[in-house]
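The structure appears below as structure tokens.
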Amino acid sequence: MTKTVLITGVSSGIGLAQARVFLENGCAVYGIDKSAKPDLSGDFHFLQLDLTGDLAALYDFAPAVDVLCNTAGILDAYQPLLEQNQETIETIFAINVFSAMVITRHYLAKMVAQQSGIIINMCSIASFLAGGGGAAYTASKHAIAGFTKQLALDYADQGVQVFGIAPGAVKTAMTAADFEPGGLADWVASETPIKRWLEPEEVADLTFFLASGKAQAMQGEIIKVDGGWSLK
């Protein structure tokens, strides 16, 4: 059977790479993003949608899915708390945490009813460490990690597989500012044990394995993909 996959944040970066690998392997991909439709071929369906607004259109667009990838996320410019206003904090949590919880809750009910489904949440090395973002981003990624673990524990015996992926420095539109003159790109590469940034495709390949159904014994694991950054 063809798997139906829903990916948030599909228009660029990791979400786009995830869509490509699923499409290349014959899956039907439903992608949502606030940005414009990406150039993808195959069984691809797109809905332009702001995840902080009304999600009713999403549920009509993709009534049921086999695999849910909560990939959408935003950074906070690495700002400490006293440099962040309330709007920044609320927006970071709305996208990085609350949208994933709300969308998951909708599709989880259907997965439990059919006793099968796979949920993959995009965590971060900032889910474990300070320094991967600012106060709001780091707090939001710790929150999504906690949500992932609790979700995995609560529904492990009901056919629902739950995983998290925790990337380090990945070349995406979200990190583009790091590659501007005076940015952090060279420093990050030098401080990463493998001496380079990760490519989105490396995260996508791991996603595809977790979605294969072969990783049930890894229930609840949040897998780091950080080039050895967290070894230090």
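Atom set for the values below is all heavy atoms of this structure, side chains included, hydrogens, waters and symmetry mates excluded. Just so you know, residue 1 is the first one in the sequence shown, and it goes up from there. Note that the coordinates shown come from a computational prediction; the quantities given were computed from them, not determined experimentally.
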Take Ser12 and Thr172, measure what side-chain contact (heavy atoms from CB on, under 4.5 Å) needs, and give me the verdict at the end. CA-CA 7 Å; Ser12 64; Thr172 67; over 6 Å; no
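- Put simply, CD on Gln216 and CG on Leu210 are 13.0 Å apart, with the number rounded to the nearest 0.5 Å.
- The backbone N or O of Trp229 lies less than 3.5 Å from no partner atom in the side chain of Thr192, so there is not a single donor-acceptor pair.
- Remark: Ile14 CD1 to Glu199 CD distance equals 11.0 Å, nearest 0.5 Å.
- Using a 4.5 Å cut-off on side-chain heavy atoms (C-beta onward), Thr207 and Cys69 make contact.
- Taking every heavy atom of both residues into account, Ala135 and Pro80 meet most closely at CB-C, 4.3 Å.
- When all heavy atoms of Ile92 and Ser140 are compared, the closest pair comes out as CG2-OG, 3.6 Å.
- The minimum heavy-atom distance linking Val203 with Met122 is given by the pair CG1-CE, 4.1 Å.
- Proximity of a side-chain donor or acceptor of Ser190 to a complementary backbone N or O of Trp187 within less than 3.5 Å is detected.
- Both Val170 and Val225 belong to a common hydrophobic cluster when Ile, Leu, Val, Met, Phe, Trp and Tyr are linked at side-chain heavy-atom distances under 4.5 angstrom.
- Around CD of Gln115, the count of heavy atoms belonging to other residues, nucleotides or ligands within 6.0 Å exceeds 12.
- In this structure, Ile32 and Phe46 have side chains that are not in contact, with every pair of non-hydrogen atoms separated by 4.5 Å or more.
- Nearest heavy atom pair, residue Lys110 against residue His106, reads CE-NE2, 3.6 Å.
- Leu6 and Ile144 fall within a single hydrophobic cluster, where Ile, Leu, Val, Met, Phe, Trp and Tyr side chains are chained together by heavy-atom contacts under 4.5 Å.
- Taking each heavy atom of Pro38 and Leu16 in turn, the nearest pair found is CB-CD1, 3.7 Å.
- The side-chain heavy atoms of Leu40 and Arg20, taken from C-beta on, include a pair separated by under 4.5 Å.
- Residues Asp54 and Leu58 are not in side-chain contact: their nearest non-hydrogen atoms beyond the backbone lie 4.5 Å or more apart.
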Give the C-alpha distance, both sets of side-chain angles, the deciding distance and a yes or no for side-chain contact (heavy atoms from CB on, under 4.5 Å) between Ile222 and Asn121. CA-CA 9 Å; Ile222 300 174; Asn121 292 328; over 6 Å; no
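- Looking only at distances, a side-chain donor or acceptor of Ser212 sits under 3.5 Å from a matching main-chain atom of Lys214.
- Not a single donor-acceptor pair under 3.5 Å links the side chain of Gln161 to the backbone N or O of Ile118.
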Could you check Trp197 against Val188 for side-chain contact (heavy atoms from CB on, under 4.5 Å), going step by step and ending with a plain yes or no? CA-CA 8 Å; Trp197 285 62; Val188 169; 3.8 Å; yes
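- Under the side chain to side chain contact (heavy atoms under 4.5 Å, CB included) rule, Met111 has a single partner from Val67, Val162, Val160, Asp66, which is Val160.
- Nearest heavy atoms, Ala136 versus Phe93: O-CE1, 3.7 Å.
- Within the 4.5 Å cutoff, the side chain of His45 has no heavy atoms near those of the Val29 side chain.
- In this structure, CG in Asp226 is found 6.5 Å from CG in Leu231, a value given to the nearest 0.5 Å.
- Here SG of Cys123 is found 10.0 Å from CZ of Phe147. Values are rounded to the nearest 0.5 Å.
- Side-chain contact of Asn70 with Thr104: a donor-acceptor pair under 3.5 Å is present, judged by distance alone.
- For the atom pair CD1 (Ile74) and OG1 (Thr88), the distance works out to 8.5 Å, reported to the nearest 0.5 Å.
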Full working for side chain to side chain donor-acceptor pair (under 3.5 Å) between Gln84 and Asp76: CA-CA 8 Å; Gln84 293 184 337; Asp76 61 359; 2.9 Å; yes
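- A heavy-atom distance below 4.5 Å is not found between the side chains of Thr52 and Lys34.
- Panel note: side chain Lys141, backbone Ala126; no donor-acceptor pair is recorded below 3.5 Å.
- Linking Ile, Leu, Val, Met, Phe, Trp and Tyr residues whenever their side-chain heavy atoms come within less than 4.5 Å leaves Leu23 and Leu47 in two separate clusters.
- No single ILVMFWY cluster, assembled from side-chain heavy atoms under 4.5 Å apart, contains both Val5 and Tyr107.
- Asp33 places a side-chain N or O within donor-acceptor distance of the main-chain N or O of Ser11, the cut-off being under 3.5 Å.
- More than 12 heavy atoms of other residues, nucleotides or ligands sit less than 6.0 Å from atom NZ of Lys232.
- A cation-pi contact links Lys224 to Phe128, judged by a cut-off of 6.0 Å to the six-membered ring centre and 45° from its axis.
- A perpendicular orientation is assigned to the rings of Tyr30 and Phe61, their planes being inclined by more than 60° (bins at 30° and 60°).
- Taking the charged nitrogens against the carboxylate oxygens, Glu202 and Arg196 do have a contact shorter than 4.0 Å, which makes a salt bridge.
- At distances below 3.5 Å, not a single donor-acceptor pair connects side-chain atoms of Glu221 with backbone N or O atoms of Gly164.
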Go through the steps to decide whether Glu201 and Gln18 satisfy the test side-chain contact (heavy atoms from CB on, under 4.5 Å), and finish with yes or no. CA-CA 7 Å; Glu201 291 74 18; Gln18 288 174 324; over 6 Å; no
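- Placement of Tyr59 and Val10 in two distinct hydrophobic clusters is found when ILVMFWY residues are connected by side-chain heavy-atom separations under 4.5 Å, directly or transitively.
- In this structure, Asn96 and Tyr137 have side chains that are in contact, with non-hydrogen atoms separated by less than 4.5 Å.
- Of the inter-residue distances, the one linking Ile120 atom CD1 with Phe209 atom CZ reads 10.5 Å to the nearest 0.5 angstrom.
- Remark: Asp39 CG is loosely packed, at most 12 non-hydrogen atoms of other residues, nucleotides or ligands lying under 6.0 Å away.
- No more than 12 heavy atoms of other residues, nucleotides or ligands sit less than 6.0 Å from atom CG of Asp186.
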